[in-house]
Asker: 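I'd like to ask some things about the structure below.
Counting convention: from 1, in listed order, for ligands and their atoms alike.
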Amino acid sequence: MQKLYYIFLGPPGSGKGTQAELLEEKNNLPILSTGKILRKIKEEDTDFGRKIKAILDSGQLVPDKIIEDLIANEISSDASKNGMIFDGYPRTIVQHESLIKRFSPEDNVYALFIDVSDKEVQHRLGDRRSCNCGATYHLRYNPPKNDEICDECASKLIIRDDDKPEVISARLNVYYENINPILKDLEKKGKLIKINGEQSIEDVHEEILNKI
Ligand code: AMP
């Protein structure tokens with residue numbers, strides 16, 4: 001059966017997660033967010049949890065083998081029988097090649113590259129706020145109704161450890177070291193769709209809908 005896949009690519013803070021959620025509402029496809037999965041594991045009081053925490057808090061990438069083991073079940077789960085939306089995966093050429101192999105020729109695959117400048121990324125991540133319940137906000141673009149309080153569960157919002165300024169630069173470096181071969185391959189395969197990420201959330205969503 002033909003499946004539908006959306007792959008969100010772009011620097012940290014480009015709005016991949018937000019746009020993935022907007023598409024999820026429209027398409028009724030599950031989102032696979034490796035960042036969300038890893039942040040949950042990072043809270044576990046186990047050796048594995050502590051290992052993941054150290055990697056995330058340094059802005060480096062979790063090794064490909066661990067990522068592949070974590071996502072294998074989700075990708076082949078019943079929930080993804082019509083397709084899936086990928087947020088934050090693939091991050092390396094090894095992950096990209098492993099993902100591409102899973103698709104059948106008849107599947108519809110859209111790789112959405114949300115393009116945002118470095119300067120804007122630095123600015124955006126500093127203003128990002130999160131809640132332990134999973135909700136995310138941005139003080140300028142998507143503010144909570146009450147100052148720094150979660151709309152969903154009324155907890156005090158926090159700055160993710162990896163959104164702290166010293167980690168942001170490391171995350172950007174890691175991103176640039178890995179993204180180009182992935183973009184090149186998707187372009188060669190005619191699957192890459194470039195989106196201007198420096199617009200309002202609604203306008204980015206609109207551009208995505210117009211281009212897919
Ligand atoms: P994100 O929320 O997507 O920005 O991910 C937060 C952090 O989780 C990243 O800075 C990485 O340390 C880690 N991470 C998320 N997805 C991946 C992935 N596909 N491969 C390796 N590390 C990842």
Asker: Starting from atom 11 (C) of ligand 1, locate the nearest protein heavy atom and write down its residue, its atom name and how far away it is, to 0.1 Å.
Answerer: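 For atom 11 (C) of ligand 1, the nearest protein heavy atom comes out as Q60 O, 3.5 Å.
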Asker: Would you please say whether a donor-acceptor pair under 3.5 Å links the side chains of D118 and Y176?
Answerer: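 Yes, because at least one side-chain N or O of D118 sits under 3.5 Å from a partner of the opposite role on Y176.
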Asker: What is the closest protein heavy atom to atom 2 (O) of ligand 1, and at what distance does it sit?
Answerer: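 Answer for atom 2 (O) of ligand 1: R39 NH1, 2.8 Å.
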Asker: N/O of L38 under 3.5 Å from N/O of ligand 1, yes or no?
Answerer: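 Not met; the criterion fails.
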Asker: Is it true that T92 and N178 share a donor-acceptor pair across their side chains at a distance under 3.5 Å?
Answerer: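 The criterion, which ignores hydrogens and geometry beyond distance, is not satisfied for T92 and N178.
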Asker: Do any nitrogen or oxygen atoms of Y89 lie less than 3.5 angstrom from nitrogen or oxygen atoms of ligand 1?
Answerer: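 N/O-N/O distance below 3.5 Å does not exist for this pair.
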Asker: Can you tell which part of Q95 has a heavy atom less than 4.0 Å from ligand 1: side chain, backbone, both or neither?
Answerer: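 Q95 to ligand 1: side-chain contact only, backbone stays beyond 4.0 Å.
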Asker: Of all the atoms in ligand 1, which lie at a distance below 4.0 Å from a heavy atom belonging to L61?
Answerer: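 Those qualifying, in numeric order: 21 (C), 22 (N).
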Asker: Could you tell me whether D163 and R128 have a side-chain N and a carboxylate O separated by less than 4.0 Å?
Answerer: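 Salt bridge present between D163 and R128.
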Asker: So that I know where these two stand, are F8 and F86 an aromatic pair - ring centroids less than 6.0 Å apart?
Answerer: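 No, the ring of F8 stays outside the 6.0 Å limit from the ring of F86, centre to centre.
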Asker: Give a yes or no on this: more than 12 heavy atoms of other residues, nucleotides or ligands lie within 6.0 Å of atom CG of N132.
Answerer: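 12 or below, so no.
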Asker: When only distance counts, is T34 in polar contact with ligand 1, meaning an N/O pair under 3.5 Å?
Answerer: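 Min N/O separation from ligand 1 is below 3.5 Å for T34.
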Asker: May I ask you to list the atoms of ligand 1 that are less than 4.0 angstrom from any heavy atom of G88?
Answerer: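 Answer, ordered by atom number: 16 (N), 17 (C), 18 (C), 19 (N).
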Asker: Are V174 and L183 connected, step by step, through hydrophobic side chains (Ile, Leu, Val, Met, Phe, Trp, Tyr) whose heavy atoms are closer than 4.5 Å?
Answerer: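 As far as the 4.5 Å side-chain criterion goes, L183 and V174 are not connected within one cluster.
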Asker: Flag D87 as yes when one of its N or O atoms lies below 3.5 Å from any N or O atom of ligand 1, and as no otherwise.
Answerer: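 Not met; the criterion fails.
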Asker: List the closest protein heavy-atom neighbour of atom 9 (C) of ligand 1: residue, atom name, distance to the nearest 0.1 Å.
Answerer: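 Closest protein heavy atom to atom 9 (C) of ligand 1: R91 NH2, 3.4 Å.
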Asker: Measure from atom 21 (C) of ligand 1 to every heavy atom in I41, V62, N178 and give the option owning the shortest one.
Answerer: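 The option holding the nearest heavy atom is V62.
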Asker: Which is it for R160 and ligand 1 at heavy atoms under 4.0 Å: side chain, backbone, both or neither?
Answerer: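 For R160, only side-chain atoms sit under 4.0 Å from ligand 1.
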Asker: Please determine whether side chain to side chain donor-acceptor pair (under 3.5 Å) holds for the pair Y89 and E68, giving the CA-CA distance in whole Å, both sets of side-chain angles, and the decisive distance to 0.1 Å.
Answerer: CA-CA 10 Å; Y89 175 89; E68 294 303 314; 3.1 Å; yes
Asker: For atom 10 (O) of ligand 1, what's the nearest protein heavy atom and its distance?
Answerer: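 Among all protein heavy atoms, the one nearest atom 10 (O) of ligand 1 is R171 NE, 3.6 Å.
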Asker: I'd like to know if K36 and D87 make a salt bridge, using a cut-off of under 4.0 Å between side-chain N and carboxylate O.
Answerer: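 Judged by the 4.0 Å cut-off on N to carboxylate O distance, K36 and D87 do not form a salt bridge.
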Asker: Decide if atom NZ of K211 counts as having more than 12 heavy atoms of other residues, nucleotides or ligands within a radius under 6.0 Å.
Answerer: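 Buried by this count: over 12 neighbours within 6.0 Å.
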Asker: Considering only heavy atoms, does K16 approach ligand 1 within less than 4.0 Å through its side chain, its backbone, both, or neither?
Answerer: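 Contact part for K16 vs ligand 1: neither.
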